[in-house]
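Written below as structure tokens is the structure these notes are about.
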There are 2 protein chains.
Amino acid sequence: MSNISDIIEVFIKELLEDASNQSVEIQRNELASYFKCSPSQINYVLTTRFSMDRGFIVESRRGGGGCIKIAQMDIEKDRYVEGLFIEIGNSINHLKGVQIIELLHQKGIISGREKEIMNAAISDRSIQSPFDIKNEVRANILKSMMLAVYRNE
Amino acid sequence: MSNISDIIEVFIKELLEDASNQSVEIQRNELASYFKCSPSQINYVLTTRFSMDRGFIVESRRGGGGCIKIAQMDIEKDRYVEGLFIEIGNSINHLKGVQIIELLHQKGIISGREKEIMNAAISDRSIQSPFDIKNEVRANILKSMMLAVYRNE
DNA sequence: CCTCTGTTTGACTTTCTTTGACTTTAACTA
DNA sequence: TAGTTAAAGTCAAAGAAAGTCAAACAGAGG
């Protein structure tokens, strides 16, 4: 049961616990050498345990002084948004997306202008990617924006 | 995190903050020796952080008593956004997108939260199109969102 | 024993930073 | 005015991160 990935996952989550602002910065190589694993192991942990669907935002910078920033939205805290996330899943059509954004507005979670910005982002005209993946891309964008809203309440 | 470029960037921005007329003069070699880096490092910071794209104008004079003058552009809002549209065109990479959004924020056109929402929408993690159209999709999304902002001033 | 799923690794790629050797321009001085 | 010196500019190479991807590996269930 104790594979390295799980241990690293717990470690990062503890860092997040301790962090005042629910976000933490790590250095990939540093962490990897601390746990005596390969650097790409860190990427594996991030993609499998700290995905957007689980309420995490991961950003990074390469080059000298580069780092990885992990931020958390406590989805558990808000059952409502959690439900919406599940509803979105990894694919959503335009109509449903608009409905969800409207709900967020009605609940007073986002302003009118923010609603319009989000609608613009998920419109079919914006997401001009080929056929099948449109709804996947839309789902990612929408969830990502929702996380941003929640991190900036 | 702690690369010299970022530190110098912050330093210069603080100088600009303090300056009464939104412009400041530095001496390249002096600054370089203050930060114990090579002089050309200063040029690197200027080109990557104080480019015109980011709303800065940099002028300099060589030779004895030479110096570098950094000023912040103050362009009228409407013309500005128009220019950004042209700059985006039908394809834009992530870095440039972030810069443009930052500018919109600095100009007071969008709020901090709107900035985060827009950043989320154009992040590489959101736009996971497997094809080579990422930058096209990003351009469309960004322009759409900017239009939405404009319609809802 | 085989397959399926999740983990681990390493080679290779991409991005961003830092440095240094060389160039250009301006001012000063004899 | 020519020569010297004191700036800043350029560019490419080296360095320092993080990212990707496919292959090897491990363990559980059938």
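Below, chain A is the first sequence line, B the second, and so on; all start at residue 1. In this text the structure is predicted, and so the values were computed from the model without any measurement.
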Distance alone, cut at 3.5 Å: any donor-acceptor contact between the side chains of Arg28(B) and Asn43(B)?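 Indeed, the side chains of Arg28(B) and Asn43(B) share at least one donor-acceptor pair under 3.5 Å.
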Have Gln72(B) and Ser23(B) got a donor and an acceptor in their side chains that come within less than 3.5 Å? no
What is the ring orientation for Phe11(B) with Phe35(B), classed by angle as parallel under 30°, tilted 30 to 60°, or perpendicular over 60°? perpendicular
Tell me whether the guanidinium CZ or amine NZ of Lys13(B) lies under 6.0 angstrom from the six-membered ring centre of Phe56(B) and within 45° of its axis. no
How sharply is the helix from dC1(C)-dG30(D) to dA30(C)-dT1(D) bent, taking the axes over five pairs at either end and rounding to 10 degrees? 10°
Pairs under 3.5 angstrom, nitrogen or oxygen only, protein versus nucleotides 21-23 of chain D, please.
none

Polar pairs (N or O, both sides) under 3.5 Å between protein and nucleotides 15-18 of chain D?
{"unit_1": "dA17(D)", "atom_1": "O4'", "unit_2": "Gly63(A)", "atom_2": "O", "d": "3.4"}
{"unit_1": "dA17(D)", "atom_1": "N3", "unit_2": "Gly63(A)", "atom_2": "N", "d": "3.3"}
{"unit_1": "dA18(D)", "atom_1": "OP1", "unit_2": "Arg28(A)", "atom_2": "N", "d": "2.7"}
{"unit_1": "dA18(D)", "atom_1": "OP2", "unit_2": "Arg28(A)", "atom_2": "N", "d": "3.2"}
{"unit_1": "dA18(D)", "atom_1": "OP2", "unit_2": "Asn29(A)", "atom_2": "N", "d": "2.9"}
{"unit_1": "dA18(D)", "atom_1": "O3'", "unit_2": "Ser60(A)", "atom_2": "OG", "d": "3.4"}
{"unit_1": "dA18(D)", "atom_1": "N7", "unit_2": "Arg28(A)", "atom_2": "NH2", "d": "3.4"}

Tell me whether the OP1 or OP2 atom of dT7(C) has a side-chain N or O from Tyr44(A) closer than 4.0 Å. yes
Step through the shown structure and confirm whether more than 12 heavy atoms of other residues, nucleotides or ligands are within 6.0 Å of CG on Asp124(B).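 Yes - once you tally the heavy atoms of other residues, nucleotides and ligands closer than 6.0 Å, there are more than 12.
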Counting only heavy atoms from other residues, nucleotides and ligands, does the tally under 6.0 Å from NZ of Lys107(B) exceed 12? yes
Tell me which of Leu95(B) and Ser38(B) sits closer to the 5' end of DNA chain C, going by the nucleotide each one is nearest to. Leu95(B)
With a non-hydrogen cut-off below 4.0 angstrom, is Ser5(A) in contact with a base, only sugar-phosphate, or nothing?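 If one applies the 4.0 Å heavy-atom cut-off, Ser5(A) turns out to touch the sugar-phosphate alone, with no base involved.
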Categorize Ile42(A) for me: base, sugar-phosphate, or nothing, with a 4.0 angstrom heavy-atom threshold over every strand shown. nothing
Per Cys37(A) side chain, nearest of listed nucleotides dT18(C), dT7(C), dT9(C): dT9(C)
